[in-house]
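To start, the structure under review is shown below, and the notes come after it.
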Amino acid sequence: MDYFDIFVSIMGSAIRLSIPLLFTALAGLFSERAGIFDIGLEGKMLASAFAAACVAYWTGNAWAGLGAGIGTAILFSLLHGFASITNRGNQIVSGVALNFVAAGLTIVLGTAWFQQGGRTGQVPPSGRFSAITLPGADLVREVPIIGPLYANVVSGNNLLTYIAFLMVPLSWWVLYRTRFGLRLRAVGENPGAVDTAGISVTWLRYRALIVTGFLAGFAGTYLSIAQSAAFINNMSAGKGYIALAALIFAKWKPVPVMFACLLFGFLDAFANFMQGKSLPLIGEVPVQIFQALPYILTCVLLAGFIGVARPPKAGGVPYTKER
């Protein structure tokens with residue numbers, strides 16, 4: 001395998017590994033732009049992955065699994081909203097609590113329903129989102145450079161992969177070209193001004209959290225019935241926190257979010273490729289070092305080495321209407 005084939009292989013894997021991060025980071029983009037810090041992205045992803053796998057396993061229908069995943073993530077978002085918006089609770093505590101609830105509940109229910117240590121049954125092929133071969137992929141496969149990239153990187157992905165990348169320009173359009181997006185960004189910066197204009201801050205933030213749940217549901221569904229064929233204990237493996245780091249790294253902007261998620265996906269794919277490989281003058285490096293690369297980068301980014309990343313001014317602060 002020459003270097004170009006290795007590059008193509010890593011890039012194809014990087015795109016597939018970045019999809020749950022991209023969905024989750026875009027989900028967090030809407031909630032945080034509305035002034036709601038959402039540490040609970042990890043829990044939403046995990047709960048939706050479990051729900052999607054269960055329903056897809058029982059029904060053999062991938063779309064039913066997707067609906068269950070989205071519905072579960074929206075439910076968790078509404079719980080977060082009830083705690084942090086309606087009751088003006090601490091948003092960080094609420095998000096962390098949802099993560100613990102999702103981690104524990106999926107294990108308990110999975111063990112009770114499937115008797116496989118929290119793992120669900122194997123989802124049948126009809127219950128999964130399978131790879132799609134784009135038109136002309138087989139014809140151009142032998143064309144130098146362009147052919148392998150199109151056939152192995154652009155083509156051959158499942159439907160949710162293409163939806164994830166379509167969500168990037170759609171999210172940009174919603175945030176910057178619609179009335180809802182304008183109000184959403186305003187409520188994250190100055191909720192008092194929005195309230196003075198006669199717009200409900202509470203309802204606007206709840207709608208932002210519904211969008212968050214909708215996108216997080218795609219992320220969880222991708223994990224369990226697109227990338228895999230079953231739910232496995234803690235299969236999100238910290239991806240919600242990595243997506244949050246990508247969101248901060250991208251300074252809460254949709255297009256930079258996409259590139260940040262691709263960067264994390266590339267590091268993950270590179271770590272997988274380097275397992276068992278030897279480096280010149282060094283020899284074989286323990287696989288744990290490569291596996292830790294995405295998490296090391298997360299710590300580096302969150303430690304502030306990317307410059308000042310200023311969140312929305314009203315982020316994390318419960319809004320109390322002045323009388």
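Values below: every heavy atom of this structure, side chains too, minus hydrogens, waters and symmetry copies.
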Residues 228-237, side-chain donor-acceptor partners within the protein, below 3.5 Å, at least two apart:
{"unit_1": "S228", "atom_1": "OG", "unit_2": "L223", "atom_2": "O", "d": "3.2"}
{"unit_1": "N233", "atom_1": "ND2", "unit_2": "G117", "atom_2": "O", "d": "2.7"}
{"unit_1": "S236", "atom_1": "OG", "unit_2": "E42", "atom_2": "OE2", "d": "2.7"}

Would you find a donor on one side and an acceptor on the other, under 3.5 Å apart, between the side chain of S48 and the backbone of K44?
yes

Are L262 and I15 packed together at the side-chain level, in the sense that at least one heavy-atom pair is separated by less than 4.5 angstrom?
yes

Step through the shown structure and confirm whether more than 12 heavy atoms of other residues, nucleotides or ligands are within 6.0 Å of CZ on F180.
yes

Should M167 and L17 be regarded as members of a common hydrophobic cluster, given that ILVMFWY residues are connected when their side-chain heavy atoms come within less than 4.5 Å of each other, either directly or indirectly?
no

Give a yes or no on whether L182 and V174 share a hydrophobic cluster (residues Ile, Leu, Val, Met, Phe, Trp, Tyr; joining criterion: side-chain heavy atoms under 4.5 Å apart).
no

Checking L78 against L209 for the side chain to side chain contact (heavy atoms under 4.5 Å, CB included) test, could you report, in this order, the C-alpha distance in whole Å, the side-chain angles of both residues, the deciding distance, and whether it holds?
CA-CA 7 Å; L78 293 177; L209 284 178; 5.7 Å; no

Taking side chain as C-beta onward, heavy atoms only, is R205 less than 4.5 Å from S31?
no

Establish whether L22 and W173 are linked, either directly or via other cluster members, by ILVMFWY side-chain heavy-atom contacts under 4.5 Å.
yes

Kindly check if the number of other-residue, nucleotide or ligand heavy atoms within 6.0 Å of CG (L166) is above 12?
yes

Less than 3.5 Å apart, which donor and acceptor atoms pair up between the side chains of residues 69-76 and the rest of the protein, not counting sequence neighbours?
{"unit_1": "T72", "atom_1": "OG1", "unit_2": "A68", "atom_2": "O", "d": "2.8"}

Check whether any side-chain heavy atom of L29 lies under 4.5 Å from a side-chain heavy atom of P254, and answer yes or no.
yes

Note, R119 side chain near Q122 side chain (heavy atom, < 4.5 Å):
yes

When Y222, F165, F214, F218 are each screened for ring pair (Phe, Tyr, Trp, His ring centres under 6.0 Å) with F23, the one that passes is F218

Identify the two heavy atoms, one from G40 and one from N99, that lie closest to each other, and give their separation to 0.1 Å.
CA-OD1, 3.3 Å

Close side-chain approach of I242 and T24, heavy atoms under 4.5 Å:
no

When you compare the side chain of S18 with that of F264, does any pair of heavy atoms fall below 4.5 Å?
no

Are the side chain of R185 and the backbone N or O of L175 linked by a donor-acceptor pair below 3.5 Å?
yes

At what distance, to the nearest 0.5 angstrom, does OG1 of T120 lie from CH2 of W58?
9.0 Å

What's the shortest heavy-atom distance between L21 and G265, and which atoms?
CD1-N, 4.3 Å

Do we see a donor-acceptor contact under 3.5 Å between the side chains of R141 and N152?
yes

So W63 and F129, would you call those rings parallel, tilted or perpendicular, with 30° and 60° as cut-offs?
perpendicular

Rounded to the nearest 0.5 Å, what separates atom CD1 in I163 from atom OG1 in T221?
10.5 Å

Using a 3.5 Å distance criterion without hydrogens, assess whether the side chain of T111 forms a donor-acceptor pair with backbone atoms of I107.
yes

Cluster question for you: counting only ILVMFWY and a side-chain heavy-atom cut-off of under 4.5 Å, with indirect links fine, are I132 and L149 together?
yes

Shared hydrophobic cluster for W203 and I85 (ILVMFWY, side-chain gaps under 4.5 Å):
yes

For A53 against I225, the heavy-atom pair lying closest together
CA-CG2, 3.9 Å

Parallel, tilted or perpendicular: ring planes of Y57 versus F114, cut at 30 and 60 degrees
perpendicular

With distance as the sole test, does T106 use its side chain to make a donor-acceptor pair with the main-chain N or O of A103 at under 3.5 Å?
yes

Interatomic spacing from NE2 in H80 to CG in L41 - rounded to 0.5 Å:
8.5 Å

Nearest heavy atoms of C261 and A25, plus distance in Å
SG-CB, 3.8 Å

Could you state the interatomic distance from OG1 (T161) to CD (Q227), rounded to the nearest 0.5 Å?
9.0 Å

Any chance CZ of F82 has more than 12 other-residue heavy atoms, nucleotides or ligands included, within less than 6.0 Å?
no

Which heavy atom of A34 sits nearest a heavy atom of L184, and at what distance?
CB-CD1, 3.5 Å

Is any side-chain heavy atom of M11 less than 4.5 Å from a side-chain heavy atom of F266?
yes

Kindly say whether G192 contributes a backbone atom to a donor-acceptor pair with the side chain of T196 at under 3.5 angstrom?
yes

For a quick test of reading the model, state the closest non-hydrogen atom pair linking V168 to V255 and the distance between them.
CG1-CA, 4.0 Å

Supply the atom-to-atom distance Y162 OH to N157 CG, rounded to the nearest 0.5 angstrom.
4.0 Å

Quick check against the 3.5 Å criterion: does S126 have a side-chain atom that pairs as donor or acceptor with the backbone of G60?
yes

Beyond-backbone contact of L263 with F249, side-chain heavy atoms, under 4.5 angstrom:
yes

Using side-chain hydrogen bond (donor to acceptor under 3.5 Å, both in side chains), reason through Y206 and S77 one step at a time and then give a plain yes or no.
CA-CA 8 Å; Y206 264 109; S77 282; over 6 Å; no

Please report the interatomic distance NZ(K253) to CZ(R33), rounded to the nearest 0.5 Å.
7.5 Å

